[in-house]
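Quick note on labels: first sequence line is chain A, next is B, and so on, each numbered from 1.
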Amino acid sequence: MKDLMAERTVDTQKLKISARNVQVYYGDTHAIKDVNVDIEDKTVTAFIGPSGCGKSTFLRCINRMNDTIDVCRVQGDIMIDGEDIYDKRVDPVQLRAKVGMVFQKPNPFPKSIYDNVAYGPRIHGLAKNKADLDDIVERALRRGAIWNEVKDRLDAPGTGLSGGQQQRLCIARAVATEPEVLLMDEPCSALDPIATAQVEELIDELRQNYSVVIVTHSMQQAARVSQKTAFFHLGNLVEYGETGTIFTNPTDPRTESYITGRIG
Amino acid sequence: MTDMTSDTPHVHGTLLQADARTRKRNAAETRFKFYGILAIAVGLLMLVILLFNIVSRGTGAFTQTFVTLDVALVEDKLDKSGNRNIEEMKKVSTFGYAPLLKAAMTDMVEKTGMEGQISAADMAGILSKGAPAQLRDYVLANPDKVGQQVSFNFLASSRVDGYMKGRVSRESIANDKSISAEQLDFVDKLIEQGILKKKFNLSFITGADASDARPEAAGMGVAMLGSFFMMLVVLVLALPIGVAASIYLEEFAPKNWITDIIEVNISNLAAVPSIVFGILGLAVFINYMHLPTSAPLVGGLVLTLMTLPTIIISTRASLKAVPPSIRDAALGVGASKMQSVFHHVLPLAAPGILTGTIIGLAQALGETAPLLLIGMVGFIASNPPDGIASGLLAPNSAMPAQIYEWAKRADPAFYERAWGGIIILLVFLLAMNTIAVILRRRFERRW
Amino acid sequence: MSELFNGLIGGSAAGLMVIVVLGLSALGFYMARSRAMASGGGDRRNLHSLPNYYGWNAAMLTAVPALGVLVIWLLAQPMMIDSAVFKTIPDSAIAEGSSRGLVMSDVRRLADGLDVIVERGVMDAESAATLDANTTDLRATLAAEGVALGSAVEQPVLDAAQMYRTQSSTGRFWMTVLVSAIALLAFVVSLRLATADFRARNVVEKGILALLILSASIAILTTVGIVLSMLFESINFFRLHSWTDFFFGSTWAPNFRGDSDLSILPLLWGTLYISIIALLVAVPIGLFSAIYLSEYAGPKVRSAAKPLLEILAGIPTIVYGLFALLTVGPALVNIFGRGEQGLLGVEWMSGATSVLTAGLVMGIMLIPFVSSLSDDIINAVPQAMRDGSLGLGATHSETIRQVVIPAALPGIVGAILLAASRAIGETMIVVLGAGAIAKISANPLEAMTTITTRIVSQLTGDTNFASPETLVAFALGLTLFVLTLGLNVIALYIVRKYREQYD
Ligand SMILES: Nc1ncnc2c1ncn2[C@@H]1O[C@H](COP(=O)(O)OP(=O)(O)OP(=O)(O)O)[C@@H](O)[C@H]1O
Ligand SMILES: [Mg+2]
C-alpha cells in the first residue's frame with residue numbers, strides 16, 4: 001500500500017462541487033446528516049464507509065437522481081461551479097447532462113452497442129449529423145477502453161456483452177454525453193478482477209478531463225484510484241482529505257477502525 | 001487509450017437557465033404526460049357514460065303504470081251454477097272475464113264524466129292484455145268474492161306506460177297501431193283523476209318473463225332462479241374439482257412432461273372463447289349425453305368447465321402463498337404429506353380460494369354466449385321451478401340470457417327491461433365482488 | 001321432498017343411482033368406523049389409523065368404483081348403441097345425397113321424440129313401441145309436440161329408432177344392476193377390511209391422491225372434449241360440403257333448402273376488421289393509461305384509477321352488446337347517417353349495427369385488459385434501466401419511449417396478441433352490434449358479420465345435425481379455436497420469455 005501512495009502526485013485543483021449542510025431524509029429516516037464537502041475538478045474522489053452509511057444517497061444528491069424517489073427530501077446547498085443545483089430554476093435533466101452517472105450493476109439498454117452510446121448525444125442534440133454521431137460514439141467507446149473489442153459488432157445488442165464489457169460500455173455511454181462530473185456508484189462490484197483492473201485504469205484516464213466521484217467498498221481500490229477520500233459513517237461525513245493521509249494517518253478513531261477492518 | 005488528447009471537453013452553460021433544447025424537451029415531456037392523463041380520462045369517461053346509460057335507461061323498469069279499477073265480479077258470468085265449484089269455474093276462460101273489465105271501464109268513464117270521449121276498443125287498449133288473466137287468477141283463488149265489487153290494480157299497457165315515462169310521445173305514435181292520440185287524451189284525464197299512477201314494480205324483480213305482446217308484465221325473477229341453479233352447479237362442481245386439481249398440481253405433482261402439459265392446458269383453456277364452451281356443451285351434453293336443452297344443469301356444467309381454469313389459477317396462487325415452513329412444521333410433528341396439506345395448508349389458503357371462487361362465479365354469472373347455444377334463450381321462461389330437480393332440469397333462462405332475449409325483441413318497452421335487467425345483474429356482480437374484496441382485506445396475511 | 005325425488009327418478013336413472021350409492025357410502029362410513037373401534041376393543045390407540053380413516057376408506061371404496069363405472073357407462077352407452085343401430089340401417093334407407101351418419105341423426109331425433117310423446121302422455125308406451133310408419137303421420141304428431149324432423153319417417157328409420165329405444169332401456173337396466181352390484185360388493189368388502197390392523201390411512205391417502213389426479217386431468221379432458229366434439233362434426237360437415245368452398249370461397253349464403261355457399265372468408269374479414277378497430281381503440285388508450293399509472297401517477301391516483309378502469313373488465317359482455325346496439329350505434333347513426341338531420345349532414349350509415357359500432361365498444365371492453373397486462377409488464381422492467389437513462393439526462397418521457405417501452409416491447413406485443421385473441425372470440429358485442437350481413441367491404445359504417453355471430457345463428461333455433469348449414473358452425477368453431485389458441489400460445493410464449501429475461 002505504501003508504494004502506491006508514494007507515487008501519487010497531489011496537486012490542488014479548482015473547486016468543482018461544494019456541499020453545505022446537506023441533510024437527506026427518506027420519509028422519517030435521516031440518511032445524510034449535515035454533510036459539508038468540497039470536491040475538486042480533475043480529481044478522483046472516493047466515498048468509503050460501511051454499508052448503509054449513505055454513500056449512494058449522497059452521490060445521488062449530486063445529480064439529483066434522488067428526485068425520482070418519492071419519499072426522499074434533500075435540504076442544504078449543493079453548488080456546482082458556483083450554481084446551486086437545487087435552485088428552482090435548475091432543470092434536473094440539464095443538470096444530469098452535466099453530471100453523468102455510472103451505476104453499480106451494468107445496465108445497458110436493450111439496444112445495439114452503437115445506440116447505447118449514441119443515446120445521450122441524441123437526446124441532448126450533441127451531433128450535427130450522422131458522421132458526427134459516429135465520431136462521438138467512436139471517441140466515447142475509445143475513452144471507455146472498449147472500442148477494440150466492439151468495433152466490429154456495433155450493431156450487436158449491448159446486453160450480449162460480458163459483465164466487464166457492459167460496465168465499460170456504460171462508462172462510454174456516460175462519457176459520450178460529455179459531462180463535467182462523473183459519478184460512479186460501486187462501478188466494479190459486479191466485475192471480476194481483470195475487468196476491475198481495466199475499469200480502474202480507465203478511471204485514472206478519465207481524471208484528465210473530469211471530476212470523478214466514486215463510491216467503493218474496496219479500500220485498495222480507493223487507495224489505487226483516488227486522490228481524495230471521504231469516509232461516511234451512519235450518515236455523517238466523518239473524515240475527508242487526501243487519500244494518502246486518510247489511509248495512513250486518519251484523525252478520527254472511527255476511520256481508523258473501519259480501515260483496519262474493525263467496523264463495517 | 002492514448003488517442004484522446006485531441007478532445008476538447010464540452011462546455012456546459014449555466015444550469016440556472018434552461019436552454020432552448022431543454023425547454024423543447026420539457027414541452028414534449030408535458031405533452032407525453034398529458035396523453036397519459038387523457039387516456040385515463042377517456043377510459044374513465046367511457047365507464048361513466050356506460051354506467052350513466054345503464055342507470056338512466058334502466059331505472060324505469062322498476063316502476064310501472066297501474067290503473068285502479070273497481071270490478072264487479074258478476075256471478076252469472078263466472079259461476080253459473082252458483083256453488084263455487086272451482087273445477088267448473090275454471091271452465092270460464094279469460095275471454096269470459098273480458099266483459100267484466102269492459103263494464104268496469106265503462107263504469108269508471110261514466111263516474112268520472114268522460115263519456116263519449118273514447119271507444120270501447122280504445123278503452124281496453126289502455127290495460128295490459130294480461131288484465132283478464134289477472135282477474136281470473138284472483139277469482140279462482142278467492143271464489144267467495146264472486147258477486148262482490150273488488151278494487152284492482154291492473155297493469156297499464158306498455159304504450160301507456162311508455163307515455164308516462166316519456167318513452168312514447170304524441171309525435172312518436174303517428175305510425176303506431178297500438179295506441180292513438182284519443183287514448184292519450186284519455187290517459188291524461190285518468191292521470192288527473194288519480195286513476196292511473198306510476199308505482200314501484202316489485203314483479204319486475206320477482207316475476208316471470210312475458211310474451212312479446214305484454215312487455216309491461218315481463219320480469220327477471222324466473223331467470224334469476226335459472227342463474228341461481230346454474231351457479232349452484234358451478235359451485236358444487238368447480239370448487240371441489242378446482243381445489244383438488246390445484247392441490248395436486250401445487251403440492252404433489254412431480255415435475256414431468258405430463259404436468260407441464262396440464263399446466264399449459266389450463267392457462268390456454270382460460271383464454272378459449274366462451275362460445276367454444278357453448279359448442280362443447282351442445283355437442284357433448286345435449287347431443288351426445290341427451291341432457292335436456294335449456295336446462296340450468298347443462299348451463300351449469302358448461303360454465304363449470306369455463307370457470308375451472310380461473311379457480312385453479314387463483315387457488316394455486318393462494319396455495320403458493322402459504323410458506324413452506326408451515327408444511328415443514330406439520331411434517332416435523334409426524335403428519336403425512338396429505339395431512340399437512342389438508343389440515344394446515346388448505347385452511348390457511350381458504351380465504352384466497354374463496355375469493356378466487358367468488359370472482360370466478362361472478363364471471364360465470366355474467367356469461368351469455370355459451371347459454372345461447374344450449375338453448376337458454378328464445379322462449380318465455382314463464383314458470384318458476386317448483387323444486388331442486390325441476391330447477392336443474394326444467395327449461396329456464398338465466399339473467400344475461402333473459403337480457404339478450406329482451407334486447408332481441410326490438411321493442412323500446414323491452415329495451416327498458418333489458419337495461420333494468422342489467423341493473424339487477426350488476427347489483428349481483430357488485431355484491432359478489434365486494435364480498436371478495438372484503439374477504440381479501442379481512443384475511444389477507446403477509447408472511 | 002318426494003317431488004324432488006320423483007323429479008330425479010323421472011329425470012334419469014343415473015340420478016337415482018348416484019343418490020343410492022352416496023347413501024350406501026355414508027352408511028359404510030359409520031359402520032366401518034364403529035366396526036374398527038369395536039375390533040380395537042373400544043380404544044382408539046389400538047388402531048393403526050384414526051377411526052375416521054376406516055370410515056373414509058369404506059365410504060371411498062363404496063362410492064368411487066361404482067360412480068366411476070356409472071360415468072363410464074353413461075359415456076359409452078350412447079356410442080355402443082349408436083354403432084349397433086348404425087349397422088342395421090339398410091342401404092336402401094339412405095336417400096340420394098344423404099349419408100348413413102345423417103340418417104343416424106334422424107334416428108336419434110325420432111327416438112328422442114317418441115320418448116317425449118310417451119312422457120307427455122300423448123301416446124302410451126305400448127302403442128309407441130308398435131307404431132307403423134305407413135299408418136301414422138309421425139312427423140306431424142311429433143311436430144305438434146315441438147320435435148321437428150328433417151323428413152317424413154320411413155319404416156327402416158322407425159325400426160332403427162325403436163331398436164335404439166329398446167337398447168337404451170335395456171342399457172339403463174343393466175347399468176342399474178351393475179352399479180348396484182359393484183357398490184354393494186365394495187360395501188361388504190370395505191366393512192370386512194375395517195379391523196384394527198388395517199392400514200386405513202395409507203389406503204385412504206392413496207385414494208385421495210388418485211382423486212386429485214383425476215381432478216387435474218379434467219382440464220385435459222375438457223380440451224380433448226372441445227377438440228373431438230368439433231372435429232367429428234367438422235368432418236361430417238366436410239363430407240357434405242367442399243372444403244375448398246369453405247376456406248377459399250367468397251360468399252356466405254346459407255340456404256336451408258340446401259346448396260348453400262358457406263365460405264368462411266367474409267366472416268373472417270368481418271371478425272378481423274372489427275378486432276382491428278377494437279385494438280386501435282384499446283391499445284393506445286390502454287397502453288398510455290398503463291404508462292401513466294405505472295410511471296407517473298402517485299400512489300393515490302393509482303389506487304383510485306386502476307380499480308375504476310378494471311370495473312370495465314368486470315362488466316359482462318351482454319352489457320356491452322346492449323350498449324353497442326342501443327347507445328353507440330344510434331349515436332353513430334346520428335353522426336354519420338340520417339342525411340340532413342344528422343350531425344354531419346351525410347347519409348353514410350343506415351342502421352345502428354356496423355363494424356365501427358362493434359369495434360368501438362369492443363375497444364372499450366379491452367382497455368382494462370390491455371392496460372393491466374401492460375402495467376404488469378412495464379413494472380417488470382428493472383428500475384436500473386430507468387436510472388441508467390435518467391442518469392444520462394434523459395427526461396422521463398424520453399426514458400419511457402426510448403428505453404422502457406423498447407425493453408417491454410416483447411411483453412406488450414404478447415399482451416396485444418392476447419387482447420386480439422379476446423377480440424376475435426368475443427361474441428355478444430358482435431351478435432348485437434355488428435349485424436348479420438356477410439360481406440367483404442372496407443367501409444366501417446356497414447354492417448358485417450363475424451365467425452362467432454354465425455356460430456350462434458347456425459346453432460340456435462331449428463338445428464338439424466344432418467344439414468351442412470348447421471354443421472358448418474362446428475367447422476367455424478374449430479377454426480376459431482385454432483385461431484385463438486394459436487394467438488394465445490404465441491402470446492404466452494412471448495410473455496414467458498420476456499419475464500425470464502428480467503427474473
Ligand atoms: N429508496 C429508499 N427509501 C428509503 N430508505 C432508503 C432508500 N435508499 C436508501 N435508504 C436508506 O438510507 C440509508 C443510506 O442508504 P445508502 O443506499 O445511501 O447506503 P450506502 O452507503 O450506499 O450503502 P451500500 O454500501 O450498502 O450501498 C440506509 O439506511 C437505507 O436504508
Ligand atoms: Mg450504495
Side-chain angles (χ1 to χ4, degrees), chain A residues 56 59-60 62-71 91-112 115-126 140 157-159 166-167 169-179 181-185 190, chain C residues 287 291-306 374-416 494-503:
Chain A
S56 302
L59 194 74
R60 291 164 63 93
I62 301 175
N63 72 344
R64 291 183 60 175
M65 277 301 279
N66 280 336
D67 289 16
T68 61
I69 298 169
D70 291 330
V71 294
D91 192 325
V93 164
Q94 220 174 323
L95 168 69
R96 290 177 202 145
K98 183 169 174 166
V99 185
M101 187 153 193
V102 174
F103 297 83
Q104 176 170 5
K105 252 177 75 187
N107 55 353
F109 304 136
K111 297 165 175 285
S112 71
D115 287 336
N116 258 287
V117 181
Y119 181 79
R122 275 191 182 129
I123 55 177
H124 295 297
L126 300 183
T159 41
Q166 284 188 7
Q167 191 61 306
L169 176 66
C170 290
I171 294 173
R173 189 176 70 186
V175 167
T177 24
E178 313 242 4
V181 179
L182 199 55
L183 309 176
M184 299 179 143
D185 193 350
Chain C
L287 198 55
I291 289 173
Y292 187 83
L293 287 179
S294 58
E295 298 281 335
Y296 288 106
K300 274 212 190 102
V301 175
R302 195 178 151 84
S303 65
K306 212 170 135 74
S374 312
D375 193 23
D376 288 352
I377 281 155
I378 289 173
N379 281 331
V381 174
Q383 185 60 29
M385 210 82 100
R386 293 185 186 86
D387 284 349
S389 171
L390 294 173
L392 289 172
T395 63
H396 207 146
S397 66
E398 284 162 349
T399 304
I400 294 165
R401 272 181 297 155
Q402 302 187 31
V403 176
V404 178
I405 297 293
L409 200 59
I412 292 174
V413 169
I416 293 174
I494 294 178
V495 171
R496 171 132 31 94
K497 275 269 161 283
Y498 168 77
R499 294 252 146 110
E500 279 167 8
Q501 183 190 337
Y502 292 123
D503 266 350

Please look at [X] and chain C and tell me whether the side chain, the backbone, both or neither of the residue comes under 4.5 angstrom of a heavy atom of that chain.
X         : result
Val102(A) : neither
Pro92(A)  : neither
Lys98(A)  : neither

Does some side-chain heavy atom of [Y] sit less than 4.5 Å from a side-chain heavy atom of [X]?
X         : Y         : answer
Phe109(A) : Ser389(C) : yes
Arg386(C) : Thr68(A)  : no
Arg96(A)  : Thr177(A) : no

Between Arg60(A) and Asp185(A), is there a side-chain N and carboxylate O pair less than 4.0 Å apart? no
Among Arg173(A), Met101(A), Gln94(A), Lys105(A), who wins on heavy-atom pairs under 4.5 Å with chain C? Arg173(A)
